[in-house]
Protein chains: 4
Amino acid sequence: MDNEKSSMEKVNKFRDDRDWRQFHNEKDLAISISLEASELLELFQWKSAEEVKEFNLGRIKEELADVLIYSHMLADNLNLNIDSIIDEKLKKNNKKYPVSKSKGNNNKYTDFE
Amino acid sequence: MDNEKSSMEKVNKFRDDRDWRQFHNEKDLAISISLEASELLELFQWKSAEEVKEFNLGRIKEELADVLIYSHMLADNLNLNIDSIIDEKLKKNNKKYPVSKSKGNNNKYTDFE
Amino acid sequence: MDNEKSSMEKVNKFRDDRDWRQFHNEKDLAISISLEASELLELFQWKSAEEVKEFNLGRIKEELADVLIYSHMLADNLNLNIDSIIDEKLKKNNKKYPVSKSKGNNNKYTDFE
Amino acid sequence: MDNEKSSMEKVNKFRDDRDWRQFHNEKDLAISISLEASELLELFQWKSAEEVKEFNLGRIKEELADVLIYSHMLADNLNLNIDSIIDEKLKKNNKKYPVSKSKGNNNKYTDFE
(Lines give C-alpha, C1' and ligand atoms only; values in the text may rest on other atoms or scores of the structure.)
Protein backbone atom coordinates (compact mmCIF):
# COMPACT_ATOMS: atom_id res chain seq x y z
CA MET A 1 0.00 0.00 0.00
CA ASP A 2 1.22 3.44 -0.89
CA ASN A 3 2.79 4.99 2.17
CA GLU A 4 2.71 8.51 0.83
CA LYS A 5 -1.06 8.61 0.98
CA SER A 6 -2.67 10.15 4.04
CA SER A 7 -4.78 7.99 6.36
CA MET A 8 -7.90 9.68 5.00
CA GLU A 9 -6.93 8.87 1.43
CA LYS A 10 -6.34 5.24 2.38
CA VAL A 11 -9.66 4.93 4.20
CA ASN A 12 -11.47 6.52 1.27
CA LYS A 13 -9.76 4.22 -1.21
CA PHE A 14 -10.72 1.19 0.89
CA ARG A 15 -14.41 1.94 0.86
CA ASP A 16 -14.58 3.39 -2.64
CA ASP A 17 -12.87 0.30 -4.08
CA ARG A 18 -15.80 -1.66 -2.59
CA ASP A 19 -18.56 0.85 -3.42
CA TRP A 20 -19.50 0.82 0.26
CA ARG A 21 -20.20 4.51 0.62
CA GLN A 22 -23.82 3.85 -0.41
CA PHE A 23 -24.38 1.91 2.84
CA HIS A 24 -22.72 4.47 5.10
CA ASN A 25 -25.38 6.80 6.40
CA GLU A 26 -23.98 8.95 9.19
CA LYS A 27 -26.25 7.63 11.92
CA ASP A 28 -25.01 4.07 11.42
CA LEU A 29 -21.42 5.28 11.18
CA ALA A 30 -21.86 6.99 14.56
CA ILE A 31 -23.15 3.65 15.88
CA SER A 32 -20.04 1.97 14.41
CA ILE A 33 -17.70 4.32 16.25
CA SER A 34 -19.53 3.57 19.50
CA LEU A 35 -19.47 -0.20 18.92
CA GLU A 36 -15.76 -0.22 18.08
CA ALA A 37 -15.07 1.89 21.17
CA SER A 38 -16.86 -0.81 23.21
CA GLU A 39 -14.77 -3.55 21.64
CA LEU A 40 -11.69 -1.57 22.61
CA LEU A 41 -12.98 -1.06 26.16
CA GLU A 42 -13.78 -4.75 26.48
CA LEU A 43 -10.05 -5.53 26.28
CA PHE A 44 -9.51 -3.55 29.50
CA GLN A 45 -12.34 -5.14 31.47
CA TRP A 46 -11.67 -7.28 34.57
CA LYS A 47 -8.02 -6.28 34.32
CA SER A 48 -5.67 -3.61 35.53
CA ALA A 49 -4.24 -1.29 32.88
CA GLU A 50 -0.86 -3.03 33.28
CA GLU A 51 -2.21 -6.50 32.56
CA VAL A 52 -3.88 -5.27 29.39
CA LYS A 53 -0.77 -3.63 28.01
CA GLU A 54 1.30 -6.71 28.60
CA PHE A 55 -1.03 -9.23 27.03
CA ASN A 56 -3.30 -7.53 24.56
CA LEU A 57 -1.40 -4.85 22.68
CA GLY A 58 -2.07 -6.50 19.32
CA ARG A 59 -5.82 -6.48 19.87
CA ILE A 60 -5.74 -2.92 21.25
CA LYS A 61 -4.02 -1.74 18.05
CA GLU A 62 -6.76 -3.27 15.92
CA GLU A 63 -9.72 -2.01 17.91
CA LEU A 64 -8.28 1.49 18.28
CA ALA A 65 -7.63 1.46 14.52
CA ASP A 66 -11.30 0.56 13.94
CA VAL A 67 -12.43 3.52 16.05
CA LEU A 68 -10.16 5.76 13.98
CA ILE A 69 -11.19 4.29 10.62
CA TYR A 70 -14.90 4.82 11.26
CA SER A 71 -14.14 8.29 12.60
CA HIS A 72 -12.40 9.09 9.31
CA MET A 73 -15.40 7.76 7.36
CA LEU A 74 -17.86 9.89 9.32
CA ALA A 75 -15.62 12.94 8.98
CA ASP A 76 -15.33 12.43 5.23
CA ASN A 77 -19.10 12.00 4.83
CA LEU A 78 -19.53 15.36 6.53
CA ASN A 79 -16.64 17.10 4.72
CA LEU A 80 -14.77 17.56 7.97
CA ASN A 81 -10.98 17.77 8.16
CA ILE A 82 -9.72 15.58 11.00
CA ASP A 83 -6.76 17.77 11.92
CA SER A 84 -8.84 20.95 11.82
CA ILE A 85 -11.58 19.69 14.14
CA ILE A 86 -8.95 18.41 16.61
CA ASP A 87 -7.20 21.79 16.48
CA GLU A 88 -10.45 23.71 17.03
CA LYS A 89 -11.50 21.54 19.95
CA LEU A 90 -8.10 21.83 21.63
CA LYS A 91 -8.31 25.61 21.31
CA LYS A 92 -11.74 25.56 22.93
CA ASN A 93 -10.52 23.27 25.72
CA ASN A 94 -7.53 25.56 26.15
CA LYS A 95 -9.86 28.41 27.11
CA LYS A 96 -12.02 26.19 29.29
CA TYR A 97 -9.06 24.73 31.14
CA PRO A 98 -6.44 27.48 31.37
CA VAL A 99 -3.04 26.09 32.30
CA SER A 100 -2.86 28.43 35.29
CA LYS A 101 -5.90 26.84 36.91
CA SER A 102 -5.75 23.27 35.70
CA LYS A 103 -2.08 22.33 35.94
CA GLY A 104 -1.75 19.07 37.87
CA ASN A 105 -5.28 19.56 39.08
CA ASN A 106 -7.17 16.34 39.37
CA ASN A 107 -10.42 17.94 40.56
CA LYS A 108 -10.51 20.16 37.52
CA TYR A 109 -9.76 17.16 35.40
CA THR A 110 -12.67 15.09 36.61
CA ASP A 111 -15.00 17.78 35.32
CA PHE A 112 -13.39 17.61 31.90
CA GLU A 113 -16.18 16.56 29.56
CA MET B 1 -1.61 27.55 17.92
CA ASP B 2 1.19 26.40 15.70
CA ASN B 3 -0.31 24.92 12.55
CA GLU B 4 2.85 23.08 11.55
CA LYS B 5 2.54 20.76 14.50
CA SER B 6 0.89 17.39 13.97
CA SER B 7 -2.37 16.58 15.76
CA MET B 8 -0.46 14.22 18.03
CA GLU B 9 2.00 16.94 18.99
CA LYS B 10 -0.85 19.32 19.77
CA VAL B 11 -2.70 16.76 21.89
CA ASN B 12 0.50 15.95 23.76
CA LYS B 13 1.25 19.62 24.34
CA PHE B 14 -2.27 20.15 25.67
CA ARG B 15 -2.01 17.50 28.31
CA ASP B 16 1.65 17.99 29.16
CA ASP B 17 1.09 21.73 29.70
CA ARG B 18 -1.42 20.68 32.38
CA ASP B 19 0.55 17.73 33.82
CA TRP B 20 -2.50 15.55 33.18
CA ARG B 21 -0.65 12.49 31.97
CA GLN B 22 -0.41 11.28 35.59
CA PHE B 23 -4.20 10.82 35.66
CA HIS B 24 -4.45 9.03 32.32
CA ASN B 25 -4.28 5.31 32.92
CA GLU B 26 -5.20 3.42 29.76
CA LYS B 27 -8.31 1.77 31.14
CA ASP B 28 -9.92 5.12 31.93
CA LEU B 29 -8.81 6.51 28.57
CA ALA B 30 -10.57 3.59 26.87
CA ILE B 31 -13.66 4.50 28.91
CA SER B 32 -13.27 8.12 27.71
CA ILE B 33 -13.26 7.07 24.07
CA SER B 34 -16.42 5.05 24.65
CA LEU B 35 -18.16 7.90 26.50
CA GLU B 36 -17.28 10.45 23.83
CA ALA B 37 -18.52 8.05 21.14
CA SER B 38 -21.82 7.92 23.03
CA GLU B 39 -22.04 11.70 23.17
CA LEU B 40 -21.50 11.73 19.41
CA LEU B 41 -24.13 9.04 18.88
CA GLU B 42 -26.60 10.92 21.06
CA LEU B 43 -26.70 13.71 18.47
CA PHE B 44 -28.10 11.24 15.92
CA GLN B 45 -30.78 9.79 18.17
CA TRP B 46 -34.50 10.24 17.41
CA LYS B 47 -33.51 11.82 14.10
CA SER B 48 -32.79 10.84 10.54
CA ALA B 49 -29.21 11.31 9.33
CA GLU B 50 -30.38 14.28 7.24
CA GLU B 51 -31.89 16.16 10.17
CA VAL B 52 -28.69 15.78 12.16
CA LYS B 53 -26.44 17.10 9.43
CA GLU B 54 -28.62 20.13 8.92
CA PHE B 55 -28.95 21.16 12.53
CA ASN B 56 -26.08 19.80 14.56
CA LEU B 57 -22.89 19.93 12.53
CA GLY B 58 -21.18 22.17 15.08
CA ARG B 59 -21.82 19.70 17.91
CA ILE B 60 -20.85 16.74 15.72
CA LYS B 61 -17.48 18.36 15.03
CA GLU B 62 -16.81 18.75 18.73
CA GLU B 63 -17.85 15.28 19.80
CA LEU B 64 -16.01 13.60 16.94
CA ALA B 65 -12.94 15.67 17.85
CA ASP B 66 -13.23 14.40 21.45
CA VAL B 67 -13.26 10.80 20.23
CA LEU B 68 -10.15 11.53 18.20
CA ILE B 69 -8.34 13.44 20.96
CA TYR B 70 -8.77 10.61 23.49
CA SER B 71 -7.78 8.12 20.79
CA HIS B 72 -4.55 10.07 20.28
CA MET B 73 -3.92 10.08 24.05
CA LEU B 74 -4.39 6.33 24.35
CA ALA B 75 -2.20 5.73 21.29
CA ASP B 76 0.55 7.92 22.71
CA ASN B 77 0.40 6.18 26.11
CA LEU B 78 0.97 2.90 24.30
CA ASN B 79 3.61 4.24 21.88
CA LEU B 80 1.37 3.55 18.91
CA ASN B 81 1.56 5.54 15.69
CA ILE B 82 -1.96 6.49 14.57
CA ASP B 83 -1.24 6.33 10.84
CA SER B 84 0.57 3.00 11.14
CA ILE B 85 -2.20 1.21 13.02
CA ILE B 86 -4.78 2.52 10.53
CA ASP B 87 -2.61 1.32 7.65
CA GLU B 88 -2.11 -2.13 9.21
CA LYS B 89 -5.80 -2.58 9.92
CA LEU B 90 -6.80 -1.54 6.39
CA LYS B 91 -4.35 -4.08 5.00
CA LYS B 92 -5.88 -6.77 7.18
CA ASN B 93 -9.41 -5.76 6.14
CA ASN B 94 -8.24 -5.75 2.55
CA LYS B 95 -7.50 -9.47 2.79
CA LYS B 96 -10.67 -10.22 4.70
CA TYR B 97 -12.86 -8.33 2.23
CA PRO B 98 -11.28 -8.75 -1.20
CA VAL B 99 -12.65 -6.23 -3.68
CA SER B 100 -13.69 -9.04 -6.03
CA LYS B 101 -16.11 -10.47 -3.46
CA SER B 102 -17.20 -7.44 -1.51
CA LYS B 103 -17.76 -4.75 -4.17
CA GLY B 104 -21.20 -3.22 -3.70
CA ASN B 105 -22.06 -6.14 -1.50
CA ASN B 106 -24.26 -5.18 1.40
CA ASN B 107 -24.46 -8.70 2.88
CA LYS B 108 -20.73 -8.87 3.08
CA TYR B 109 -20.71 -5.48 4.64
CA THR B 110 -23.06 -6.31 7.47
CA ASP B 111 -20.60 -8.95 8.64
CA PHE B 112 -17.83 -6.36 8.74
CA GLU B 113 -16.73 -6.29 12.36
CA MET C 1 -35.22 -23.80 37.52
CA ASP C 2 -37.59 -22.69 40.23
CA ASN C 3 -40.11 -20.33 38.71
CA GLU C 4 -41.27 -18.92 42.01
CA LYS C 5 -37.95 -17.23 42.57
CA SER C 6 -37.62 -13.58 41.62
CA SER C 7 -35.21 -12.59 38.84
CA MET C 8 -32.89 -11.12 41.46
CA GLU C 9 -32.84 -14.39 43.39
CA LYS C 10 -32.05 -16.32 40.22
CA VAL C 11 -29.24 -13.97 39.22
CA ASN C 12 -27.79 -14.15 42.73
CA LYS C 13 -27.99 -17.93 42.75
CA PHE C 14 -26.25 -18.08 39.38
CA ARG C 15 -23.23 -16.12 40.50
CA ASP C 16 -23.08 -17.43 44.05
CA ASP C 17 -23.12 -21.03 42.79
CA ARG C 18 -19.95 -20.12 40.90
CA ASP C 19 -18.34 -17.93 43.60
CA TRP C 20 -18.07 -15.16 41.02
CA ARG C 21 -19.00 -12.29 43.31
CA GLN C 22 -15.30 -11.93 44.22
CA PHE C 23 -14.54 -10.80 40.64
CA HIS C 24 -17.45 -8.36 40.37
CA ASN C 25 -16.24 -4.94 41.38
CA GLU C 26 -18.81 -2.31 40.52
CA LYS C 27 -16.68 -0.44 38.00
CA ASP C 28 -16.26 -3.54 35.84
CA LEU C 29 -19.96 -4.38 36.21
CA ALA C 30 -20.80 -0.91 34.91
CA ILE C 31 -18.49 -1.64 31.96
CA SER C 32 -20.37 -4.93 31.43
CA ILE C 33 -23.72 -3.18 31.24
CA SER C 34 -22.30 -0.79 28.65
CA LEU C 35 -20.74 -3.60 26.59
CA GLU C 36 -23.93 -5.66 26.61
CA ALA C 37 -25.91 -2.57 25.59
CA SER C 38 -23.53 -2.23 22.62
CA GLU C 39 -24.04 -5.86 21.63
CA LEU C 40 -27.78 -5.21 21.72
CA LEU C 41 -27.39 -2.04 19.65
CA GLU C 42 -25.21 -3.85 17.12
CA LEU C 43 -28.24 -5.97 16.13
CA PHE C 44 -30.04 -2.83 14.99
CA GLN C 45 -27.18 -1.41 12.96
CA TRP C 46 -27.42 -1.02 9.17
CA LYS C 47 -31.07 -2.02 9.41
CA SER C 48 -34.46 -0.47 9.88
CA ALA C 49 -36.28 -1.32 13.13
CA GLU C 50 -38.66 -3.52 11.13
CA GLU C 51 -35.93 -5.67 9.61
CA VAL C 52 -34.42 -6.29 13.03
CA LYS C 53 -37.66 -7.41 14.62
CA GLU C 54 -38.34 -9.82 11.80
CA PHE C 55 -34.98 -11.51 11.69
CA ASN C 56 -33.23 -11.12 15.00
CA LEU C 57 -35.71 -11.41 17.84
CA GLY C 58 -33.91 -14.40 19.34
CA ARG C 59 -30.62 -12.50 19.57
CA ILE C 60 -32.36 -9.39 20.87
CA LYS C 61 -33.85 -11.41 23.72
CA GLU C 62 -30.43 -12.67 24.73
CA GLU C 63 -28.61 -9.37 24.56
CA LEU C 64 -31.38 -7.50 26.36
CA ALA C 65 -31.34 -10.23 29.02
CA ASP C 66 -27.58 -9.69 29.43
CA VAL C 67 -28.11 -5.96 30.00
CA LEU C 68 -30.72 -6.82 32.64
CA ILE C 69 -28.65 -9.55 34.32
CA TYR C 70 -25.62 -7.28 34.80
CA SER C 71 -27.95 -4.50 35.96
CA HIS C 72 -29.29 -6.85 38.63
CA MET C 73 -25.74 -7.76 39.69
CA LEU C 74 -24.71 -4.13 40.04
CA ALA C 75 -27.92 -3.33 41.94
CA ASP C 76 -27.35 -6.22 44.32
CA ASN C 77 -23.73 -5.22 44.94
CA LEU C 78 -24.99 -1.79 45.96
CA ASN C 79 -27.99 -3.05 47.96
CA LEU C 80 -30.40 -1.37 45.56
CA ASN C 81 -33.91 -2.67 44.95
CA ILE C 82 -34.62 -2.70 41.22
CA ASP C 83 -38.33 -1.91 41.49
CA SER C 84 -37.73 0.90 43.98
CA ILE C 85 -35.14 2.73 41.89
CA ILE C 86 -37.38 2.47 38.82
CA ASP C 87 -40.31 3.83 40.84
CA GLU C 88 -38.26 6.71 42.22
CA LYS C 89 -36.90 7.67 38.80
CA LEU C 90 -40.36 7.59 37.20
CA LYS C 91 -41.65 9.87 39.97
CA LYS C 92 -38.81 12.28 39.31
CA ASN C 93 -39.43 12.17 35.54
CA ASN C 94 -43.11 12.69 36.25
CA LYS C 95 -42.33 16.07 37.78
CA LYS C 96 -39.86 16.98 35.09
CA TYR C 97 -42.23 16.07 32.27
CA PRO C 98 -45.73 16.90 33.48
CA VAL C 99 -48.39 15.24 31.33
CA SER C 100 -50.00 18.61 30.62
CA LYS C 101 -46.87 19.90 28.90
CA SER C 102 -45.36 16.78 27.41
CA LYS C 103 -48.31 14.84 26.00
CA GLY C 104 -47.59 13.90 22.38
CA ASN C 105 -44.80 16.41 22.42
CA ASN C 106 -41.80 15.32 20.44
CA ASN C 107 -39.71 18.43 21.14
CA LYS C 108 -40.04 17.90 24.84
CA TYR C 109 -39.14 14.32 24.34
CA THR C 110 -35.88 14.93 22.58
CA ASP C 111 -34.67 16.79 25.67
CA PHE C 112 -35.47 13.78 27.82
CA GLU C 113 -32.16 12.77 29.32
CA MET D 1 -47.92 6.19 42.75
CA ASP D 2 -49.62 2.83 43.10
CA ASN D 3 -47.15 0.42 44.65
CA GLU D 4 -49.06 -2.68 43.66
CA LYS D 5 -48.33 -2.10 40.01
CA SER D 6 -45.38 -3.92 38.49
CA SER D 7 -42.41 -1.94 37.18
CA MET D 8 -43.54 -2.72 33.63
CA GLU D 9 -47.02 -1.35 34.32
CA LYS D 10 -45.54 1.82 35.76
CA VAL D 11 -43.18 2.34 32.81
CA ASN D 12 -46.04 1.75 30.38
CA LYS D 13 -48.31 4.17 32.23
CA PHE D 14 -45.57 6.80 32.19
CA ARG D 15 -45.15 6.76 28.44
CA ASP D 16 -48.78 6.13 27.55
CA ASP D 17 -49.90 9.09 29.70
CA ARG D 18 -47.66 11.19 27.44
CA ASP D 19 -48.45 9.46 24.12
CA TRP D 20 -44.72 8.91 23.67
CA ARG D 21 -44.92 5.41 22.24
CA GLN D 22 -45.23 6.92 18.74
CA PHE D 23 -41.65 8.22 18.99
CA HIS D 24 -40.16 4.99 20.32
CA ASN D 25 -38.90 2.93 17.44
CA GLU D 26 -36.80 0.02 18.67
CA LYS D 27 -33.55 1.14 17.07
CA ASP D 28 -33.60 4.45 18.94
CA LEU D 29 -34.62 2.69 22.16
CA ALA D 30 -31.57 0.43 21.79
CA ILE D 31 -29.49 3.60 21.37
CA SER D 32 -31.10 4.95 24.57
CA ILE D 33 -30.10 1.89 26.57
CA SER D 34 -26.53 2.27 25.33
CA LEU D 35 -26.42 6.00 26.12
CA GLU D 36 -27.82 5.53 29.63
CA ALA D 37 -25.30 2.73 30.22
CA SER D 38 -22.58 5.23 29.29
CA GLU D 39 -23.94 7.82 31.71
CA LEU D 40 -23.83 5.15 34.40
CA LEU D 41 -20.28 4.16 33.46
CA GLU D 42 -19.17 7.79 33.48
CA LEU D 43 -19.81 7.90 37.24
CA PHE D 44 -17.14 5.23 37.73
CA GLN D 45 -14.49 6.86 35.57
CA TRP D 46 -11.20 8.14 37.02
CA LYS D 47 -12.21 6.58 40.33
CA SER D 48 -11.87 3.32 42.21
CA ALA D 49 -15.08 1.39 42.80
CA GLU D 50 -14.91 2.36 46.48
CA GLU D 51 -14.77 6.09 45.82
CA VAL D 52 -17.82 5.87 43.57
CA LYS D 53 -19.95 4.01 46.08
CA GLU D 54 -19.13 6.50 48.80
CA PHE D 55 -19.85 9.66 46.89
CA ASN D 56 -22.19 8.95 44.02
CA LEU D 57 -24.81 6.41 45.08
CA GLY D 58 -27.67 8.82 44.38
CA ARG D 59 -26.53 9.36 40.79
CA ILE D 60 -25.85 5.65 40.30
CA LYS D 61 -29.44 4.86 41.32
CA GLU D 62 -30.80 7.26 38.74
CA GLU D 63 -28.62 6.18 35.84
CA LEU D 64 -29.13 2.49 36.55
CA ALA D 65 -32.87 3.15 36.73
CA ASP D 66 -32.69 4.82 33.30
CA VAL D 67 -30.99 1.74 31.83
CA LEU D 68 -33.77 -0.39 33.31
CA ILE D 69 -36.61 1.90 32.23
CA TYR D 70 -35.49 1.94 28.59
CA SER D 71 -34.93 -1.83 28.77
CA HIS D 72 -38.54 -2.21 29.89
CA MET D 73 -39.73 0.01 27.03
CA LEU D 74 -37.83 -2.00 24.43
CA ALA D 75 -39.07 -5.28 25.93
CA ASP D 76 -42.65 -4.06 25.86
CA ASN D 77 -42.36 -2.87 22.25
CA LEU D 78 -41.24 -6.39 21.33
CA ASN D 79 -43.76 -8.20 23.57
CA LEU D 80 -40.98 -9.67 25.67
CA ASN D 81 -41.45 -10.58 29.32
CA ILE D 82 -38.50 -9.30 31.34
CA ASP D 83 -38.46 -12.14 33.87
CA SER D 84 -38.79 -14.79 31.17
CA ILE D 85 -35.88 -13.57 29.06
CA ILE D 86 -33.68 -13.34 32.17
CA ASP D 87 -34.68 -16.88 33.15
CA GLU D 88 -33.98 -18.24 29.66
CA LYS D 89 -30.59 -16.56 29.45
CA LEU D 90 -29.55 -17.81 32.89
CA LYS D 91 -30.50 -21.35 31.86
CA LYS D 92 -28.39 -21.00 28.73
CA ASN D 93 -25.45 -19.59 30.73
CA ASN D 94 -25.92 -22.43 33.20
CA LYS D 95 -25.13 -24.92 30.46
CA LYS D 96 -22.27 -22.86 29.09
CA TYR D 97 -20.68 -22.39 32.48
CA PRO D 98 -21.35 -25.54 34.49
CA VAL D 99 -20.74 -25.01 38.19
CA SER D 100 -18.26 -27.90 38.24
CA LYS D 101 -15.96 -26.16 35.81
CA SER D 102 -16.51 -22.51 36.55
CA LYS D 103 -16.69 -22.31 40.34
CA GLY D 104 -14.29 -19.66 41.58
CA ASN D 105 -12.66 -19.71 38.18
CA ASN D 106 -11.53 -16.31 37.06
CA ASN D 107 -10.14 -17.46 33.69
CA LYS D 108 -13.42 -18.99 32.76
CA TYR D 109 -15.14 -15.85 33.83
CA THR D 110 -13.13 -13.55 31.62
CA ASP D 111 -14.41 -15.45 28.62
CA PHE D 112 -17.99 -14.87 29.73
CA GLU D 113 -19.56 -12.93 26.89
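Because only heavy atoms are used, hydrogens play no part in the values below, and waters and symmetry mates are left out as well, while side chains stay in. Keep in mind that what you see is a predicted model, and the values were worked out from it rather than measured. Quick note on labels: first sequence line is chain A, next is B, and so on, each numbered from 1.
Summarising the geometry of F14(A) relative to N94(B), their closest heavy-atom pair is CE1-N, 3.7 Å, with the distance given to 0.1 Å. The two atoms that bring K89(B) and A65(A) nearest to each other are CB-CB, 3.6 Å, heavy atoms only. K47(B) and K27(A) get closest at one heavy-atom pair: O-NZ, 3.0 Å. Taking every heavy atom of both residues into account, A37(B) and A37(A) meet most closely at CB-CB, 4.2 Å.
At a threshold of 4.5 Å between non-hydrogen side-chain atoms, the residues K10(B) and I86(A) do not count as touching.
Within the 4.5 angstrom heavy-atom criterion, only side-chain atoms of L57(A), from C-beta onward, approach chain B. For a residue to count as touching a neighbouring chain, one of its non-hydrogen atoms must lie under 4.5 Å from one of that chain's; by this rule V99(B) touches chain A with backbone and side chain alike. In this structure, no portion of K13(B) lies under 4.5 Å from any heavy atom of chain A.
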Could you check I60(A) against E26(B) for side chain to side chain contact (heavy atoms under 4.5 Å, CB included), going step by step and ending with a plain yes or no? CA-CA 11 Å; I60(A) 293 173; E26(B) 291 78 19; over 6 Å; no
Please step through side chain to side chain contact (heavy atoms under 4.5 Å, CB included) for the pair L41(B) and I33(A), ending with a clear verdict. CA-CA 8 Å; L41(B) 177 55; I33(A) 296 171; over 6 Å; no
Would S71(A) and L64(B) count as a side chain to side chain contact (heavy atoms under 4.5 Å, CB included) if you check the C-alpha gap in whole Å, the side-chain angles of each, and the deciding distance to 0.1 Å? CA-CA 7 Å; S71(A) 295; L64(B) 181 57; 3.8 Å; yes
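Residue E63(B) holds its CD atom at 12.0 Å from CG of L74(A), rounded to the nearest 0.5 Å. Here CG of L80(A) is found 6.5 Å from NZ of K61(B). Values are rounded to the nearest 0.5 Å. We find the CG-CZ distance between L29(B) and F44(A) to be 8.0 Å, quoted to the nearest 0.5 Å. Rounding to the nearest 0.5 Å places CD of Q45(A) at 9.5 Å from CD1 of I31(B). Separating the OG atom in S34(A) from the CG atom in L35(B) is a distance of 9.5 Å, to the nearest 0.5 Å. If you take CZ on R18(B) and NZ on K101(A), they are separated by 12.5 Å, rounding to the nearest 0.5 Å.
In terms of modelled atom types and a separation under 3.5 Å, the side chain of K103(B) and the main chain of D19(A) share no donor-acceptor contact.
Interface check for chain B: of the options N77(A), D28(A), L78(A), the most heavy-atom pairs under 4.5 Å are formed by L78(A). Between chain B and the residues K92(A), H72(A), Q22(A), the largest count of heavy-atom pairs under 4.5 Å involves K92(A).
R15(B) and N93(A) share no donor-acceptor pair across their side chains, judged by distance under 3.5 Å alone.
More than 12 heavy atoms of other shown residues, nucleotides or ligands fall within 6.0 angstrom of atom CZ in R21(A).
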